[in-house]
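Step one of this worksheet: look at the structure below.
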Amino acid sequence: MTERYDAIIVGAGIIGSAIGYQLAKCGWRTLNVDKLATSGQGSTSNSLAIVRTHYSTLEGSALAWEGYHCWDTWPDYVGFNHANNMARFIRTGALVIKTEGNNKLSKQISLSQELKIPFEEWSSLEIGEHFPLWDLCGYGPPIMSDNDQFGHPTAPMIYGGVFFPKAGYCTDPRLATQNIQRATELSGGTFRFKSEVSVIRKSNNRVLGITLSDGTRIDSPIIVNAGGPYSRKLNELAGIEQSHKITTRAIRHESLYLKLPSPYEGYADSTITYDSDVGSYIRPDRDGSVFVGSQGTSFDDHSSVDPDSYDQNISSNGGEPIYRLAQRIPTLGIPNHIQGIVGLWDITEDWIPIYDRSDLDGFYLAIGTSGNQFKTAPVVGELMTRLILACENGHSHDTDPLEFILARTGSVIKLDFFSRNRCVNSNSSFSVLA
Ligand SMILES: Cc1cc2nc3c(=O)[nH]c(=O)nc-3n(C[C@H](O)[C@H](O)[C@H](O)COP(=O)(O)OP(=O)(O)OC[C@H]3O[C@@H](n4cnc5c(N)ncnc54)[C@H](O)[C@@H]3O)c2cc1C
């Protein structure tokens, strides 16, 4: 007999798992299907899992702020607390450096005020007090290290920065996804691994179900594309890749792993920093090591790649974010061997995700997470559940966009912000900061 579910979610990354969880909590028989062996093993496993609230749009910040509250009370979100087997949230705060390019963070400051997100403005001298080893000259805008001007200050002092105390990171993004998987199963949902979806079956513009590569057929009137960097391929399977304005594609991102010299106090080893002046970010890890990455420079490589065959080695320019950071922290030290993680981002034209229905009835989209939606995933599960329930009850979301109440923080956002047919959002930073 053909198996049948109320909803099939293709993908058991952090996004798909959170959607499965929230639908299962509503009493739906759900199936998360993934070609990998465990949940959270796809691009989620490479995530730096930073939880920060400074986005360029109200909706982006509001969703991230709501997400913060989920991570901060993780056992409450998943509904259990198995002491040794829980992802942990480490609150570090995040310091963002003001530049001309980010308009001295005026937008992020006013959005934070509007959403009541705590922040502190720090002068460059105050930054120097917190990070005594920092060189506080301006070096921006970022340039490549082979440029003659590299390492020469462009301003005697940075403008200062904004410190957001309510920010941090999740220690283990894969374990967090597995926590959600467990929560889903406790709510009656099912996961199936090592199972590749090769056909999306449909009839009269309505999904019927999926067929796996081994020929197994599983039926459902609802299928959610939560395929991460494979989102475009799944849209092709559904035959809808040409049907909406905003599209998705996979690109590489390199996060470099750096062991700090000892003693490392003052190197910002315990604070997340987004240094827009040099164009590098730091995310602390354990025992005096950090992840360093490029936070969006004009020379970052954003070429599309095939998620089934991309170069998983650090590129020849891979050290650039560390060289740039060494301008700020001259005693940092440059490692002889650059190590790190190469992950995939599933980006859209404006680096804002698509959370929407599609033109194929019963086929929903939770895609284009653009390197910045780990933090929001617990809320995306709730958002997509609201959307799916409303659409399946006959609501015309395309003509009368739904509103979504962020229950923990009290904001209300309109979901056409995430529409597949929106105009490219000119308020975006057009980078991973969104
Ligand atoms: C290097 C890196 C750093 C990041 N840092 C941050 C950060 O600091 N903060 C933040 O908020 N976000 C960050 N992100 C982004 C965040 O991690 C992603 O937005 C999020 O993990 C995407 O989750 P997902 O579930 O959509 O995708 P995935 O985790 O990729 O899950 C998709 C799943 O779908 C499965 N799948 C695809 N096609 C099929 C098929 N045909 N059949 C069966 N299964 C299929 C895949 O196997 C995969 O497991 C980062 C991402 C990367 C890569």
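Indexing begins at 1, ligand by ligand and atom by atom, following the structure's order.
Using cut-offs of 30° and 60° on the angle between ring planes, the pair Tyr274 and His54 is perpendicular. Relative ring orientation between Tyr21 and Tyr77 is described as perpendicular, the plane-to-plane angle rising above 60° on a 0-90° scale split at 30° and 60°. Under the 30°/60° scheme for interplanar angles, the aromatic rings of Trp65 and His69 are found to stand perpendicular.
The residue Ser45 has no part lying near ligand 1, judged by heavy-atom distances below 4.0 Å. Counting heavy atoms closer than 4.0 Å to ligand 1, residue Asn372 contributes backbone atoms (N, CA, C, O) but none from C-beta onward. With a heavy-atom cut-off of 4.0 Å, Tyr230 touches ligand 1 through its side chain alone. With a heavy-atom cut-off of 4.0 Å, Ser198 does not touch ligand 1 at all. Proximity of Tyr169 to ligand 1, defined as any heavy-atom pair under 4.0 Å, is not found for any part of the residue. At a heavy-atom cutoff of 4.0 Å, ligand 1 is contacted by no atom of Ser370, backbone or side chain.
Regarding atom 44 (N) of ligand 1, its nearest protein heavy-atom neighbour is Lys35 N, 3.1 Å. In this structure, the protein non-hydrogen atom closest to atom 29 (O) of ligand 1 is Thr44 OG1, 2.5 Å. Shortest contact from atom 52 (C) of ligand 1 to any protein heavy atom: Trp345 NE1, 3.3 Å. In terms of protein heavy-atom proximity, atom 49 (O) of ligand 1 is closest to Asp34 OD2, 2.6 Å. The nearest protein atom to atom 41 (N) of ligand 1, hydrogens excluded, is given as Val197 O, 3.1 Å; this is a heavy-atom distance. Regarding atom 1 (C) of ligand 1, its nearest protein heavy-atom neighbour is Asn46 O, 3.3 Å. For atom 19 (O) of ligand 1, the nearest protein heavy atom (residue, atom name, distance) is Thr369 OG1, 2.7 Å. Shortest contact from atom 9 (N) of ligand 1 to any protein heavy atom: Ile50 O, 3.0 Å.
For the residue pair Gln181 and Ser17, no side-chain donor N or O sits within less than 3.5 Å of a side-chain acceptor on the partner. A donor and an acceptor atom, one from each side chain of Thr211 and Arg201, are located under 3.5 Å apart. Thr2 and Asp219 are not linked by any side-chain donor-acceptor pair at a separation below 3.5 angstrom, with hydrogens and angles left out of the test. Of the N and O atoms on the side chains of Asn372 and Ser370, not one donor lies less than 3.5 Å from an acceptor on the other residue.
Remark: ligand 1 atoms within the under-4.0 Å shell around heavy atoms of Ile14 are 20 (C), 21 (O), 23 (O), 25 (O). The contact set between ligand 1 and Gly371, taken as ligand atoms under 4.0 Å from a residue heavy atom, comprises 6 (C), 12 (N), 13 (C), 14 (N), 15 (C), 50 (C). Those atoms of ligand 1 that come under 4.0 Å of a heavy atom in Gly13, given as number and element, are 25 (O), 29 (O), 31 (O). Those atoms of ligand 1 that come under 4.0 Å of a heavy atom in Ile15, given as number and element, are 23 (O), 24 (P), 25 (O), 26 (O). Taking a cut-off of under 4.0 Å to the non-hydrogen atoms of Leu344, the atoms of ligand 1 that pass are 53 (C). When each atom of ligand 1 is checked for a heavy atom of Ser255 under 4.0 Å away, the hits are 1 (C). The distance from ligand 1 to the heavy atoms of Gly227 drops below 4.0 Å at these ligand atoms: 32 (C), 34 (O), 37 (C). Against a heavy-atom cut-off of under 4.0 Å, Pro229 is close to the following atoms of ligand 1: 30 (O).
What you find for Trp71 and Lys375 is that their closest heavy atoms are NE1-O, 2.9 Å. Nearest heavy-atom pair across Val292 and Val290 is CG2-CG2, 3.9 Å.
Geometrically, ligand 1 and Leu234 share no nitrogen or oxygen pair separated by less than 3.5 Å. Considering backbone and side-chain N/O of Ala49, one or more are found under 3.5 Å from N/O of ligand 1.
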For ring-ring contact (aromatic ring centres under 6.0 Å, His included), just list the numbers for Tyr68 and Phe89, CA-CA rounded to whole Å, side-chain angles, deciding distance to a tenth of an Å, and then say yes or no. CA-CA 9 Å; Tyr68 169 88; Phe89 175 67; 5.6 Å; yes
Worked verdict on Lys166 versus Asp72 for salt bridge (Lys or Arg N to Asp or Glu O under 4.0 Å): CA-CA 9 Å; Lys166 303 277 179 153; Asp72 201 32; 5.6 Å; no
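For the pair Arg283 and Tyr169, the cation-pi criterion (under 6.0 Å, within 45° of the ring axis) is fulfilled.
For the side chain to side chain contact (heavy atoms under 4.5 Å, CB included) criterion with Phe291, the lone passing option out of Ile272, Ile341, Leu258, Ile50 is Ile341.
A salt bridge links Glu392 with Arg206: the distance from a Lys NZ or Arg NE/NH1/NH2 to an Asp or Glu carboxylate oxygen falls below 4.0 Å.
Counting heavy atoms from C-beta outward, Ile222 and Leu23 have side chains that stay 4.5 Å or more apart.
Assignment of Gly67 to the shell around ligand 1 is not supported, since no heavy atom sits closer than 4.0 Å. Assignment of Gln41 to the shell around ligand 1 is not supported, since no heavy atom sits closer than 4.0 Å. In this structure, Ile341 has no heavy atom closer than 4.0 Å to ligand 1.
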